Engineer: 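Can you keep this structure in mind? I'll have questions shortly.
To find a chain, count down the sequence lines: A is the first, B the second, and so on, and within it residues start at 1. The structure displayed is predicted, hence computed values, not measured ones.
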There are 2 protein chains.
Amino acid sequence: MAVVPLKALIYPSGESPISSPLADLDAFANAGLGWRRVKRGETAYLAGDKFNAIYGVRSGFFKVGNVAAMGREQVMGFFMRGEIFGLEGIGAGRYDGTATALEDSELAMLPFALMERMAQENPAMQRELHAILAREITRDHGIMMLLGSMTAEQRLAAFLLNLSRRFVRRGYSPSEFHLRMTREEIGSYLGLKLETVSRVLSLFQKKGLLGVQQKHISIVDIAGLESVYRQR
Amino acid sequence: MAVVPLKALIYPSGESPISSPLADLDAFANAGLGWRRVKRGETAYLAGDKFNAIYGVRSGFFKVGNVAAMGREQVMGFFMRGEIFGLEGIGAGRYDGTATALEDSELAMLPFALMERMAQENPAMQRELHAILAREITRDHGIMMLLGSMTAEQRLAAFLLNLSRRFVRRGYSPSEFHLRMTREEIGSYLGLKLETVSRVLSLFQKKGLLGVQQKHISIVDIAGLESVYRQR
DNA sequence: CGCAGTTTTGATTCATCTCAATTTGTGTGG
DNA sequence: CCACACAAATTGAGATGAATCAAAACTGCG
């Protein structure tokens, strides 16, 4: 049996944007694991769907959001190439959010039952799985921090710095990028209204921290952004 | 070897306030697992400590908080008997919060390496472990929802209803309880200032939803609270 | 190439914060 | 057991950051 590291299941070819202790594993290569194309605007799963797999982004960009009781959407996360989403489903056995592609994308499906079985037999795979879950917990705590105690400016600064770091790890420019999501989606993610997001972006531009051209962002002064984030 | 369900490690005697598919497992009983008394105001661990175990509350009440950069504390969670905390440590190998007892308490220490080893050999234990991690993710998402899109009144209502549900599961009254934490800690958890917490509590009282006597809360109108929570 | 969806910007309102004073409760030592 | 001191909670008044409502400008999709 061929030994296939997890990363190879997510990334098309040899590349490994994410550094993590990768498990040697074989079953995936054969097993029901599939790849799936999802076009912009289409969904990988809907809130309420039965949970069976987590997803790795091979290419493209996703949002996972939760349409709560009364129409208002809450975006729980954005995911780019090499990142994994769908973990919110594990608890209840159903996804509690809807995953929507923000651009034409490719997904690797990682059936959870299979992952569990493999983790059972392979300590490295187990570590990998726990790392994935732990990363999600850490990520969520960071967001709680943001939402619980930061101003609109700090939230936006943190958001942009976080995006920048993630882009850079994937080999893109840290300072020039294209937002795939609308102001409304950013706002939902950060607990702000779209007008506020727009205003703060304009403010940052006026302060000389950013260049903003609709969805094109260029970070002019990273240190400045960081100090906005830390201020107070 | 005696077969000991996980719950028995957390609860002193036979009782099982939490319903979950419990693993049959033995190693714990013998292994390095320990119990620990923590007095009110003392800590189970500090932010930055090396992560080695997660904790089950056998009795008492804990808060886990994160003193970010500039003095301002952010409370990430409150934990009562039968609940498990310390999971934030798994990701980085260090706890990123400080766990403080809000009353004299007893903790069960669950060494994580041991749990992983056991999960490796015992599918039921593995399921248990994943359930613990998944529950934390679900919990965090709920809090993100709160913080991202709810008013002060809705947050307080959700908080009280959540406490009530948790108390009831442990065999306490759903409508009469004693808050172990200060208004400031509640506020930090909910992304509000202590004065706001106090005001909203007073408002609820005036509306006839609650009786408030400092830390004694009696929920007079659960349905009313629920409708506050859902309103809009 | 036109139009719907998105973004920007302005004016105003409102919820929550901040600052401040008072009351109430709690733990400690005489 | 009482009294004192300190911490926690309540309440008020005013300031403020973000939301809301509204209009105009942009733009990229079909």
Side-chain angles (χ1 to χ4, degrees), chain A residues 39-42 63 70-75 100-104 146-159 178-207 210-217 228 231-232, chain B residues 39-41 63 70-75 100 102-104 146-157 159-160 178-207 210-217 228 231-232:
Chain A
K39 289 207 175 167
R40 175 197 173 93
E42 294 179 348
K63 76 167 171 184
M70 252 306 292
R72 68 178 157 211
E73 183 190 48
Q74 167 86 7
V75 173
T100 311
L102 297 182
E103 63 182 49
D104 293 357
L146 258 206
L147 295 175
S149 63
M150 293 185 144
T151 65
E153 288 184 48
Q154 291 176 306
R155 293 181 203 194
L156 253 306
F159 176 71
H178 198 94
L179 296 176
R180 269 74 172 192
M181 67 297 277
T182 66
R183 305 286 190 249
E184 185 166 25
E185 287 160 341
I186 297 173
S188 169
Y189 181 61
L190 297 177
L192 301 170
K193 291 291 157 190
L194 71 300
E195 295 96 326
T196 304
V197 173
S198 179
R199 274 183 240 277
V200 172
L201 252 20
S202 298
L203 175 69
F204 283 175
Q205 190 168 31
K206 200 163 62 185
K207 279 186 180 176
L210 296 181
V212 183
Q213 199 94 232
Q214 303 283 137
K215 294 196 149 133
H216 295 275
I217 299 285
V228 166
Q231 87 199 175
R232 242 216 137 229
Chain B
K39 289 205 177 169
R40 175 198 172 94
K63 74 166 173 187
M70 252 306 293
R72 69 180 155 208
E73 182 191 48
Q74 167 87 5
V75 173
T100 310
L102 296 181
E103 62 183 49
D104 293 356
L146 260 205
L147 295 176
S149 64
M150 294 186 144
T151 65
E153 288 183 49
Q154 291 176 306
R155 293 181 202 194
L156 253 304
F159 176 71
L160 293 170
H178 199 95
L179 297 175
R180 269 74 173 190
M181 68 297 275
T182 66
R183 304 281 127 111
E184 184 166 26
E185 287 160 342
I186 296 172
S188 168
Y189 181 62
L190 297 177
L192 302 170
K193 291 292 159 189
L194 72 300
E195 295 96 326
T196 304
V197 173
S198 180
R199 274 185 241 278
V200 172
L201 253 19
S202 298
L203 174 69
F204 283 175
Q205 190 169 31
K206 200 163 62 185
K207 281 186 179 175
L210 296 181
V212 182
Q213 199 93 231
Q214 303 283 137
K215 295 195 149 137
H216 296 275
I217 300 283
V228 167
Q231 85 200 173
R232 240 213 140 236

Engineer: Please compare A:Glu153 and B:Leu194 by the position of their nearest nucleotide in DNA chain D and report the one closer to 5'.
Structural biologist: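 Nearest-nucleotide comparison on DNA chain D picks B:Leu194.
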Engineer: Answer with base, sugar-phosphate or nothing: what part of the nucleic acid does B:Leu192 contact at a heavy-atom distance below 4.0 Å?
Structural biologist: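 The residue B:Leu192 makes sugar-phosphate contact but no base contact.
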Engineer: Select from A:Gln214 and A:Val197 the residue whose nearest nucleotide in DNA chain D is closer to the 5' end of that strand.
Structural biologist: A:Val197
Engineer: What distance do A:Ile217 atom CD1 and A:His178 atom NE2 have between them, rounded to the nearest 0.5 Å?
Structural biologist: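 Going from the CD1 atom of A:Ile217 to the NE2 atom of A:His178 covers 9.5 Å.
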Engineer: Answer whether the closest heavy-atom distance between the side chains of A:Val200 and A:Arg155 falls below 4.5 Å.
Structural biologist: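 Sidechains of A:Arg155 and A:Val200: no contact.
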Engineer: Identify which nucleotide among D:dT10, D:dT27, D:dA18 has an atom closest to any side-chain atom of B:Ser202, counting heavy atoms from C-beta outward.
Structural biologist: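 From the listed options, D:dT10 comes nearest.
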Engineer: Among D:dA22, C:dT24, C:dA20, which nucleotide has an atom closest to any side-chain atom of B:Glu195?
Structural biologist: C:dA20
Engineer: How bent is the helix from C:dC1-D:dG30 to C:dG30-D:dC1, comparing axes over its five end pairs at each side, to the nearest 10°?
Structural biologist: 50°
Engineer: Within the structure shown, what part of the strands sits under 4.0 Å from A:Gly41 by heavy-atom distance: base, sugar-phosphate, or nothing?
Structural biologist: nothing
Engineer: Between atom CG in B:Leu156 and atom P in C:dA15, what is the gap in whole Å?
Structural biologist: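 In whole Å, C:dA15 P and B:Leu156 CG are 16 Å from each other.
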Engineer: Give every donor-acceptor pair under 3.5 Å between a side-chain atom in residues 186-199 of chain B and any protein atom, sequence neighbours left out.
Structural biologist:
unit_1: B:Ser188; atom_1: OG; unit_2: B:Glu73; atom_2: O; d: 3.1
unit_1: B:Ser188; atom_1: OG; unit_2: B:Val75; atom_2: N; d: 2.8

Engineer: Give a yes/no answer on whether the side chain of A:Thr151 brings an N or O atom under 4.0 Å of OP1 or OP2 in D:dG17.
Structural biologist: no
Engineer: Counting side-chain heavy atoms from C-beta on, which of D:dA18, C:dT16, D:dA9 comes nearest to B:Thr196?
Structural biologist: C:dT16
Engineer: Taking the side chain from B:Gln154 and the backbone from B:Gln231, do they hold a donor-acceptor pair closer than 3.5 Å?
Structural biologist: yes
Engineer: Distance check needed: C:dT6 C1' versus A:Ile217 CD1, whole Å only.
Structural biologist: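 Distance check: A:Ile217 CD1 to C:dT6 C1' gives 14 Å.
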Engineer: Has the side chain of A:Arg199 got a donor or acceptor atom sitting under 3.5 Å from an opposite partner on the base of D:dG17?
Structural biologist: no
Engineer: Nearest whole angstrom, please: distance from the P of C:dG27 to the NZ of B:Lys39.
Structural biologist: 14 Å
Engineer: Do you know which of A:Lys63, A:Lys39, A:Lys215, A:Arg180 makes salt bridge (Lys or Arg N to Asp or Glu O under 4.0 Å) with A:Glu103?
Structural biologist: A:Arg180
Engineer: Would you please name every residue forming a side-chain hydrogen bond (donor to acceptor under 3.5 Å, both in side chains) with A:Glu184, sequence neighbours left out?
Structural biologist: none
Engineer: Does any part of the side chain of B:Leu201, heavy atoms only, come nearer than 4.5 Å to the side chain of B:Leu160, both counted from C-beta?
Structural biologist: yes
Engineer: The side chain of B:Lys215 lies closest to which of these nucleotides: C:dT7, D:dA8, D:dT20?
Structural biologist: D:dA8
Engineer: Output yes when at least one side-chain N/O atom of A:Ser198 is less than 4.0 Å from OP1 or OP2 of C:dT8, else no.
Structural biologist: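 True: A:Ser198 side-chain N/O within range (under 4.0 Å) of C:dT8 OP1/OP2.
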Engineer: Checking all strands, does B:Gly187 fall into the base, sugar-phosphate, or nothing category for heavy-atom contacts under 4.0 angstrom?
Structural biologist: nothing
